[in-house]
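Order of listing sets the numbers, starting from 1, for every ligand and every atom in it. All residue numbers in this chain count up from 1 along the given sequence. None of the values given here were measured: they were computed from a predicted structure.
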Amino acid sequence: MFKEKYSILVCNSWEQLEISVPVCSSLQVPALQLHMSKTAMRASQKDFESALSQVKRLKDPGNEVKLKLYALYKQATEGPCNTPKPGVFDLINKAKWDAWNALGSLPKETARQNYVDLVSGLSSSSDSSSQVKPEADRKQPGYETLVVTSEDSITKIMMNRPAKKNAITIQMYNEIMLALKAASKDDSAITVLTGNGDYYSSGNDLSNFTDIPPEGIEEKAKSSAILLRDFVDCFIDFPKPLIAVVNGPAVGISVTILGLFDTVYASSRATFHTPFSHLGQSPEGCSSYTFPKIMGPAKAAEMLIFGKKLTAAEACAQGLVTEVFPDSTFQKEVWTRLKAYSKLPPNAMRISKQVIRNREKEKLRAINAEESRALQERWLSDECTNAVMNFLTRKAKL
Ligand SMILES: CCCC/C=C/CC(=O)SCCNC(=O)CCNC(=O)[C@H](O)C(C)(C)COP(=O)(O)OP(=O)(O)OC[C@H]1O[C@@H](n2cnc3c(N)ncnc32)[C@H](O)[C@@H]1OP(=O)(O)O
């Protein structure tokens, strides 16, 4: 699109103008509105030449802007559109023709000025966007237990209690739900959940069970079951591609919900552990349904009933993990891959996810409710109380 030769014209007129280019059906070009002031400087031949060489050094500005630049360039060098309209199946040439044709009888010199202005705007925004801001500056406000950032069309939700192995507190459950709800509406294409530090997450923070309200332990079990159900529903309902970047060991609920993710990348250091029987508890996160489906009932039972811990390679062989990367290159390889995926058309990715997942949603919600009810009872059992007490009094560790 940018390889064509150009000729240079001298600008000799100026006027207030507003151009509207209709939406181009094939490339979704929105109406283009260019405003210029009478007092603006005229673009000289030199300005135009310099804009033409500047444009080659810009980062790819995307199809929409490329079409604007193409149309203005053609108008500036050849005048109003004078070629036959390409056929409907010649999508690219039709989009270019539409953009040029939409400039109507815009004077050549005005088109040239608009071209110079557009390139100058693009250069300044690309200069500022090439300065990488530190993560602290990009961090979204309002989260205490997470670091949430959005860039390159990726929203990254990072659990941030490294000293506690990213054990999930009540506040963290609530913040993850908030972050997922926000990510489902933001303009990112994909969403990532990961952990800060050496662990992905050690699962439910066992001290969640110590904060008993005046209404008693039954009430605590009830409110915990509601929280669990709502938390897991957020994963069931999440509309965009959801990726787990499992940077280290994962325990309990941080493992079980992996069956609700679309892709799971694991460091070679990661392990996958669901020691529910050891804790007097039972499976959640829809794992009672997703795990047998993913790995077959026999392997699922070994994990969910007997608490067998899987290495990353084993979890990958059993289909819970998409791919394992060497720990030394994990972050680099995964983020390079994700940045490439995030450039795919977001609507197509969303619809593909819907087609893959939607028919199971109602079933998953029902399973989630059933698992949460079972746990509500388990949390009141002696088996569970003793296991939690043993951990909190340092008598037991996994
Ligand atoms: C309301 C919804 C409920 C949903 C229910 C979900 C079920 C589950 O998720 S079950 C899984 C629960 N998780 C565990 O049982 C893990 C318990 N933790 C451990 O066994 C060990 O900490 C470890 C094997 C994960 C790591 O051992 P390591 O020796 O490397 O480190 P530590 O010194 O033990 O840990 C550092 C620090 O972090 C605290 N911590 C770690 N995990 C948890 C946790 N899950 N709950 C509370 N606290 C945790 C640990 O106590 C240490 O704290 P201190 O530095 O203050 O001693």
Nearest protein heavy atom under 4.0 Å from atom 52 (C) of ligand 1, yes or no: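 No.
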
Check Thr145, Thr169, Asn160 against Glu175 for a side chain to side chain donor-acceptor pair (under 3.5 Å) and give me the one that passes.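 Of the listed options, the one satisfying the test is Thr145.
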
Indicate yes or no: does Arg378 engage Glu371 in a salt bridge with an N to O separation below 4.0 Å.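 Between Glu371 and Arg378 there is no salt bridge, as every charged N stays at least 4.0 Å from the carboxylate O atoms.
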
Provide the number and element of each atom of ligand 1 under 4.0 Å from a heavy atom of [X].
X      : value
Ala163 : 36 (C), 37 (C), 38 (O)
Gln281 : 7 (C)
Leu279 : 10 (S), 11 (C), 12 (C), 15 (O)
Ser202 : 12 (C), 13 (N), 14 (C), 16 (C), 25 (C), 41 (C), 42 (N), 43 (C), 44 (C), 45 (N)
Tyr199 : 23 (C), 24 (C), 25 (C), 26 (C)

Structural part of [X] in contact with ligand 1, heavy atom criterion under 4.0 angstrom:
X      : value
Ala167 : side chain
Tyr173 : side chain
Phe209 : neither

Does [X] reach ligand 1 with a nitrogen or oxygen that is under 3.5 Å from one of the ligand's nitrogen or oxygen atoms?
X      : result
Asn204 : yes
Gly203 : no
Ile253 : yes
Asn208 : no

Sequence-distant partners of Glu333, salt bridge (Lys or Arg N to Asp or Glu O under 4.0 Å), two or more places apart: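 In terms of salt bridge (Lys or Arg N to Asp or Glu O under 4.0 Å), with neighbours along the sequence ignored, Glu333 is linked to no residue.
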
Under 3.5 Å side-chain donor-acceptor pair for Ser372 and Glu284: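 Their side chains do not contain a donor-acceptor pair, so the 3.5 Å distance test is not met.
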
Pairs meeting criterion ring pair (Phe, Tyr, Trp, His ring centres under 6.0 Å) with involvement of residues 215-255, two or more places apart: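 Every ring pair (Phe, Tyr, Trp, His ring centres under 6.0 Å) pair that includes a residue of residues 215-255, provided the two are not neighbours, is Tyr173-Phe231, Phe231-Phe235, Phe235-Phe261.
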
